Amino acid sequence: MRVLVTGGAGFIGSHVVTALAARGHEPVVLDALLPSAHTDAPPRPVAAVDWIHADVRDGQALLRVLHTVDAVCHQAALVGLGQGFADAPDYVSCNDLGTAVLLASMAQAGVRDLVLAGSMVVYGEGRYDCPRHGRVRPGPRAAEDLEAGRFEPRCPDCGGELVPGLVDEDESADPRNVYAATKVAQEHLSAAWARATAGRAVSLRYHNVYGPGMPRDTPYAGVASFFKSALARGEAPRVFEDGGQRRDFVHVRDVAAANVVALEALAGREREPGVLAVFNTGSGEAHTVGEMATALALAHGGPQPVVTGEYRLGDVRHITASSRRLTGELGWRAEVGLAEGMAEFARSPLRGG
């Protein structure tokens, strides 16, 4: 199978390229090499059979390559919280306009198989249960609560403490920042494309992805990158809030493997045409941000993390989700545990670092 990997020179995309080649497929890379993702020129993925330096918003460049491929793995995106709401036009242009141009070009070229890099951020806050009122959905956290160190969401009915749990794919979307809103829009666009073209589409809702080749600590990088950069400078990782935020940290090779499994399921006609199937893609293990920082610092040899009480208003408190559907329907299962993954990550250079 010949697969176009948009963003194939990036952190996750380059691992997808490697995983595709290892399974005997032919990955074709298209990447705009945006400065927000590439602070220096990345090495060309050695597993790529072709390389196109172009933007997904360039329909002519897309059409030239789409006529040569069987499927698309869409990884190209501007990620993270960025600098603030002033980044909204860039996020919408790169993520949503880029996806719209890609899908329109796929429709014109007759390519009908798509795997989309989705994200767990579409859920907003995760699942919560109140002992008195059952399943509840707390509203956005208020700045005054965060300033006062009240980080845990409360029951919107009684104000009581909530118990966080696992979100499944049937939970409705509730994006809490610009990036999250663009990821929801990407899924809606992909679903509309699938209906209009009888295409087969899968969105893999990634959890907190980490691993070798992660970009260094730009405003668009993930928290693991910030912690590793601090350790490399001999500084303690700075953990926001009280460190109790629950996340699912999933290794990039496991995420790459999930993409290959999904692409092979589409090629084998195992997915229904005209439908976007969504799958949570995480390790299946919930850990706090503080636990992750401690594991990374231990693997690196210190210094130990410092809990600062700082916060970012667009962040959610807890978001962990079940990946049982991906395991049950496609046979994928994460293989890299947190301790093993952090030990490797501590030894690996950051991209652009």
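For the single chain, residues carry numbers from 1 onward in sequence order. Keep in mind that what you see is a predicted model, and the values were worked out from it rather than measured. These numbers come from the heavy atoms of this one structure, side chains and all, not from hydrogens, waters or symmetry mates.
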task: Could you pull out the closest heavy-atom pair between G199 and W193, with the gap in Å?
output: CA-CH2, 3.9 Å
- prompt: Nearest heavy-atom pair of L30 and V65: which atoms, and what distance?
  reply: CD1-CG1, 4.4 Å
field: Residues S283 and D248: side-chain donor-acceptor under 3.5 angstrom
entry: yes
query: Between G243 and V307, which heavy-atom pair has the shortest distance, and what is it?
result: N-CG1, 4.2 Å
- prompt: In terms of hydrophobic clusters joined by side-chain contacts under 4.5 Å, are V92 and L116 together?
  reply: no
message: Are there over 12 heavy-atom neighbours, none belonging to R137, within less than 6.0 Å of that residue's CZ?
response: yes
Single-linkage hydrophobic cluster L162~V316, side-chain heavy atoms < 4.5 angstrom: no
query: Hey, does the side chain of R269 reach the backbone of A267 with a donor-acceptor pair shorter than 3.5 angstrom?
result: yes
message: Under a 3.5 Å threshold, yes or no: a donor from one side chain and an acceptor from the other, between Y91 and N177?
response: no
- request: Check for a donor-acceptor pair, side chain of S93 on one end and backbone N or O of D90 on the other, with a separation under 3.5 Å.
  value: no
- prompt: Quick one: are L330 and R271 in side-chain contact, heavy atoms under 4.5 Å?
  reply: yes
query: To the nearest 0.5 Å, what is the distance between CG (L266) and CD (E272)?
result: 12.5 Å
- prompt: Under the 3.5 angstrom rule, does the side chain of R238 hit a backbone N or O of T308 as a donor-acceptor pair?
  reply: no
message: With heavy-atom distances below 4.5 Å as the criterion, would you say the side chains of D113 and D70 are in contact?
response: no
task: Without swapping roles, check the side chain of S229 against the backbone of F226 for a donor-acceptor pair under 3.5 Å.
output: no
query: Say you draw a straight line from NE2 of H287 to CZ of F249; how long is it, rounded to the nearest 0.5 Å?
result: 8.5 Å
- line: By salt bridge (charged side-chain N to carboxylate O under 4.0 Å, His left out), E270 pairs with (sequence neighbours left out) none
- prompt: Would you say the side-chain atoms of Y206 and N259 include a donor-acceptor pair closer than 3.5 Å?
  reply: yes
Quiz: residues 97-105 side-chain donor-acceptor pairs under 3.5 angstrom, not counting sequence neighbours:
{"from": "T99", "atom 1": "OG1", "to": "H74", "atom 2": "NE2", "distance (Å)": "3.0"}
{"from": "T99", "atom 1": "OG1", "to": "N95", "atom 2": "O", "distance (Å)": "2.5"}
{"from": "T99", "atom 1": "OG1", "to": "Q186", "atom 2": "NE2", "distance (Å)": "2.8"}
{"from": "S105", "atom 1": "OG", "to": "V101", "atom 2": "O", "distance (Å)": "2.8"}

Heavy-atom side-chain contact between V239 and F227 under 4.5 Å: yes
query: Roughly how far, to the nearest 0.5 Å, is the CG atom of D168 from the CZ atom of R127?
result: 7.5 Å
query: Side chains of R205 and Y123: donor-acceptor distance under 3.5 Å anywhere?
result: yes
- prompt: Are a donor atom and an acceptor atom from the side chains of H318 and E152 found within less than 3.5 Å of each other?
  reply: yes
task: Would you kindly confirm whether Y210 and F240 end up in one hydrophobic cluster when ILVMFWY residues are joined by side chain heavy atoms under 4.5 Å apart?
output: no
query: Would you say the side-chain atoms of T18 pair up with the backbone N or O of S14, donor to acceptor, closer than 3.5 Å?
result: yes
- prompt: Distance-only, no hydrogens or angles: does the R347 side chain make a donor-acceptor pair with backbone N or O of A343 under 3.5 Å?
  reply: yes
query: Does some side-chain heavy atom of L146 sit less than 4.5 Å from a side-chain heavy atom of F151?
result: yes
message: Check this for me: E235, atom CD, are more than 12 non-hydrogen atoms of other residues, nucleotides or ligands nearer than 6.0 Å?
response: yes
statement: Note: V136 and P138 closest approach over all heavy atoms is O-CD, 3.8 Å
- prompt: Do M120 and V178 share a hydrophobic cluster, counting only Ile, Leu, Val, Met, Phe, Trp and Tyr and linking them when any side-chain heavy atoms are less than 4.5 Å apart?
  reply: yes
query: Rounded to the nearest 0.5 Å, how far apart are CG of N280 and CG of L166?
result: 9.5 Å
- line: The reported gap from CG in L204 to OG in S119 (rounded to nearest 0.5 angstrom) is 11.5 Å
query: Given side chains that start at C-beta, do those of F345 and L350 come closer than 4.5 Å, heavy atoms only?
result: yes
message: Quick check against the 3.5 Å criterion: does K228 have a side-chain atom that pairs as donor or acceptor with the backbone of P349?
response: no
field: V202 reachable from V5 in the ILVMFWY side-chain graph, under 4.5 Å edges
entry: yes
message: Walk me through whether S322 and E169 qualify under side-chain contact (heavy atoms from CB on, under 4.5 Å).
response: CA-CA 8 Å; S322 168; E169 291 88 347; 5.9 Å; no
field: Closest non-hydrogen atom pair, V255 against I12
entry: CG1-CG2, 4.0 Å
query: Below 4.5 Å, heavy atoms only, C-beta onward: do L296 and L231 meet side chain to side chain?
result: yes
field: Criterion salt bridge (charged side-chain N to carboxylate O under 4.0 Å, His left out) on D157 and R132, from CA distance to verdict
entry: CA-CA 9 Å; D157 296 318; R132 290 179 57 191; over 6 Å; no
query: Counting only N and O atoms by type, is there a donor-acceptor contact under 3.5 Å from the side chain of T288 to the main-chain atoms of R246?
result: no
query: Taking C-beta and beyond as the side chain, do C130 and C158 meet within less than 4.5 Å on heavy atoms?
result: yes
query: Are any side-chain N or O atoms of R247 and backbone N or O atoms of R317, one a donor and one an acceptor, separated by less than 3.5 Å?
result: yes
field: V278 side chain near R325 side chain, heavy-atom distance below 4.5 Å
entry: yes
field: Derivation of the side-chain contact (heavy atoms from CB on, under 4.5 Å) call for T197 and M106
entry: CA-CA 9 Å; T197 66; M106 290 176 65; over 6 Å; no
field: Spacing of L63 atom CG and D58 atom CG [to the nearest 0.5 Å]
entry: 9.0 Å
- request: Write down the atom of V252, the atom of G211, and the distance for their closest heavy-atom approach.
  value: CG1-CA, 4.0 Å
field: E344 backbone acceptor or donor facing S348 side chain under 3.5 Å
entry: yes
- prompt: Can E264 and H25 be said to form a side-chain hydrogen bond (donor to acceptor under 3.5 Å, both in side chains), step by step?
  reply: CA-CA 10 Å; E264 291 178 342; H25 303 297; 2.8 Å; yes
